[in-house]
Amino acid sequence: QLQLVESGGGKVQPGGSLRLSCAASGDAFYYRAMGWFRQAPGKERARVAGVNSHGRDTKYADSVKGRFTISKDNAKNTLYLQMSGLKPEDTAVYYCAAAGLGTDSVPAMCPRLPSLYNYWGQGTQVTVSP
């Protein structure tokens, strides 16, 4: 079992920055690939960023490339999403999620589909408006 708790959401003006955190407790955070997803009203949940279990390989949605940075601190059992240059279309509930297990030598990759993630946080609201 793995418990995930997001924090750091809020309201920010366009062009501003926020850093989301996802604190993990429980089983084998080090060995899990992780992702940040978001869901706006009336839209499907979609991955914005992912990182492999070793924390070295990252993936980003085209809409956030160059503005968002995902990082995985295995020593602190925490996942981060640094967001800058925020736009109104970034407004959504943001979720962190954990996927499959890797090993010390073979990292778990971060899938794109939400259905391939096993554990989810409760979400944190990000609102970008003047």
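What's counted below: heavy atoms across the whole structure, side chains too, no hydrogens, waters or symmetry copies.
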Between Asp90 and Arg67, is any pair of side-chain heavy atoms under 4.5 Å apart?
-> yes
Taking NZ, NE, NH1 and NH2 as the nitrogens, is one of them in Lys65 or Asp62 under 4.0 Å from a carboxylate oxygen of the other?
-> yes
Search all heavy atoms of Gly121 against all heavy atoms of Tyr95 and return the closest pair with its distance.
-> O-CD2, 3.6 Å
Working to the nearest 0.5 Å, report the span between CE of Met34 and CG of Asn74.
-> 9.5 Å
Counting N and O atoms only, with roles assigned by atom type, does the side chain of Glu6 sit under 3.5 Å from a partner on the main chain of Cys96, one being a donor and the other an acceptor?
-> yes
For the pair Asn118 and Arg32, evaluate side chain to side chain contact (heavy atoms under 4.5 Å, CB included) and give the outcome as yes or no after the intermediate values.
-> CA-CA 10 Å; Asn118 307 111; Arg32 293 195 179 273; 3.9 Å; yes
Among Val51, Leu101, Asn52, which one satisfies side-chain contact (heavy atoms from CB on, under 4.5 Å) with Pro107?
-> Asn52
Check whether any side-chain heavy atom of Pro130 sits under 4.5 Å from a side-chain heavy atom of Pro14, and report yes or no.
-> yes
Of the non-hydrogen atoms in Met109 and Ala33, which two are nearest, and what is the gap between them?
-> O-CB, 3.1 Å
What are the two closest heavy atoms between Gly85 and Ser17, and how far apart are they?
-> N-OG, 4.5 Å
What distance separates Ile70 CD1 from Asp57 CG, expressed to the nearest 0.5 Å?
-> 10.5 Å
Check whether more than 12 heavy atoms from other residues, nucleotides or ligands sit under 6.0 Å from atom CD of Glu89, and answer yes or no.
-> yes
For the pair His54 (side chain) and Thr103 (backbone), establish whether a donor and an acceptor sit closer than 3.5 Å, ignoring hydrogens and angles.
-> yes
Could you tell me the separation between the CG atom of Leu18 and the NZ atom of Lys11, rounded to the nearest 0.5 Å?
-> 12.5 Å
Between Trp120 (side chain) and Leu4 (backbone), is there a donor-acceptor pair under 3.5 Å?
-> no
Flag for Tyr30-Asn77: side-chain donor and acceptor within less than 3.5 Å = no
Inter-residue atom distance Leu81.CG - Tyr94.OH, 0.5 Å rounding = 7.5 Å
Give a yes or no on whether Val12 and Met83 share a hydrophobic cluster (residues Ile, Leu, Val, Met, Phe, Trp, Tyr; joining criterion: side-chain heavy atoms under 4.5 Å apart).
-> yes
How close do Leu2 and Ala24 get, heavy atom to heavy atom, and via which atoms?
-> CD1-CB, 4.2 Å
Sidechain-backbone polar pair: Ser21 side chain, Tyr80 backbone, donor-acceptor under 3.5 Å = no
Give a yes or no on whether Val128 and Phe68 share a hydrophobic cluster (residues Ile, Leu, Val, Met, Phe, Trp, Tyr; joining criterion: side-chain heavy atoms under 4.5 Å apart).
-> yes
Would you say Lys72's side chain and Phe29's backbone share a donor-acceptor pair under 3.5 angstrom?
-> yes
Give the table of side-chain donor-acceptor pairs shorter than 3.5 Å for residues 39-50, with sequence neighbours excluded, one pair per line with atom names and distance.
from  : atom 1 : to     : atom 2 : distance (Å)
Gln39 : OE1    : Arg45  : NE     : 3.2
Gln39 : OE1    : Arg45  : NH2    : 3.3
Gln39 : NE2    : Lys43  : O      : 3.2
Arg47 : NH1    : Cys110 : O      : 2.8
Arg47 : NH1    : Pro111 : O      : 3.0

Do Tyr117 and Tyr60 sit in the same hydrophobic cluster, where Ile, Leu, Val, Met, Phe, Trp and Tyr count as joined when their side-chain heavy atoms come under 4.5 Å apart?
-> no
